[in-house]
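Numbers here simply count residues along the sequence, with the first being 1.
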Amino acid sequence: MGESPLGEEEIRNVLAEAMDTWPANSYHPICRNCVTFAEDRLVRLLRAPGPFPAWARGAAEAAKGPVLLAMADAAWEWVKWYVAEPPDVDELPAEDPHGPRRARAADPLC
């Protein structure tokens, strides 16, 4: 993809902005992953002279079909639920008939 024409300070600014626009809780294994990050941040914003290689998108692009994406979404929701910290009992509404439930992260969009 080549060398970026940006200077060291400009590259630092691009990477610092990436930390704000690509928070960890926005990750999605198919739609917003390390490949989409590399294409959007490291190639486009760093102004690499060469194009992002299409072959790098392979598995994630193939999984964007309606059936596989739905399965990946369901599995990803379960993973996010499973690893989420349960809320403190003191923070639950008193009228909640279901008792403590795990918090869920915001759903990313494809």
Side-chain angles (χ1 to χ4, degrees):
M1 292 172 278
E3 193 172 316
S4 172
L6 302 180
E8 185 176 334
E9 186 64 29
E10 293 169 306
I11 290 172
R12 285 184 191 177
N13 290 338
V14 166
L15 296 177
E17 187 229 336
M19 293 171 62
D20 294 333
T21 58
W22 284 76
N25 67 351
S26 71
Y27 180 86
H28 186 278
I30 306 300
C31 304
R32 194 169 168 91
N33 53 45
C34 58
V35 174
T36 55
F37 174 84
E39 184 172 17
D40 183 60
R41 296 290 141 190
L42 302 181
V43 175
R44 188 177 63 82
L45 292 180
L46 292 176
R47 297 187 213 147
F52 189 80
W55 61 264
R57 292 187 213 101
E61 286 296 314
K64 284 187 178 177
V67 173
L68 289 178
L69 183 56
M71 289 181 358
D73 280 341
W76 187 239
E77 286 302 315
W78 181 86
V79 168
K80 290 190 302 183
W81 170 83
Y82 186 77
V83 300
E85 291 290 324
D88 289 338
V89 174
D90 296 335
E91 295 176 7
L92 290 173
E95 66 276 1
D96 188 348
H98 304 290
R101 288 185 272 176
R102 293 181 174 261
R104 289 179 48 180
D107 293 335
L109 300 174
C110 280

* Would you kindly confirm whether Trp81 and Val83 end up in one hydrophobic cluster when ILVMFWY residues are joined by side chain heavy atoms under 4.5 Å apart? => yes

* **N/O donor-acceptor pair under 3.5 Å between Glu77 side chain and Ala74 backbone** => no

* Option passing side chain to side chain contact (heavy atoms under 4.5 Å, CB included) with Arg44 (candidates Leu46, Asp40, Leu42) -> Asp40

* To do: List the atom of Arg32, the atom of Pro23, and the distance in Å for their closest heavy-atom pair.
  => NH2-CD, 4.5 Å

* Smallest separation among heavy atoms of Asn33 and Tyr27, with atom names -> CA-CE1, 3.5 Å

* Does the side chain of Met1 come within less than 4.5 Å of Pro53's, by heavy atoms? -> yes

* Set of residues satisfying side chain to side chain donor-acceptor pair (under 3.5 Å) with respect to Glu3, sequence neighbours excluded -> none

* Asked: Where do Leu69 and His28 land on the side-chain contact (heavy atoms from CB on, under 4.5 Å) test, with the steps shown first?
  -> CA-CA 11 Å; Leu69 183 56; His28 186 278; 4.1 Å; yes

* Give a yes or no on whether Ile11 and Trp22 share a hydrophobic cluster (residues Ile, Leu, Val, Met, Phe, Trp, Tyr; joining criterion: side-chain heavy atoms under 4.5 Å apart). => yes

* Asked: Can you find a pair of side-chain heavy atoms, one from Asn25 and one from Lys80, that are under 4.5 Å apart?
  -> no

* Asked: So Trp78 and Tyr82, would you call those rings parallel, tilted or perpendicular, with 30° and 60° as cut-offs?
  -> parallel

* Asked: Side chains of Arg47 and Val14: closer than 4.5 Å at any heavy-atom pair?
  -> no

* **Interatomic distance, Leu15 atom CG to Asp20 atom CG [nearest 0.5 angstrom]** => 12.0 Å

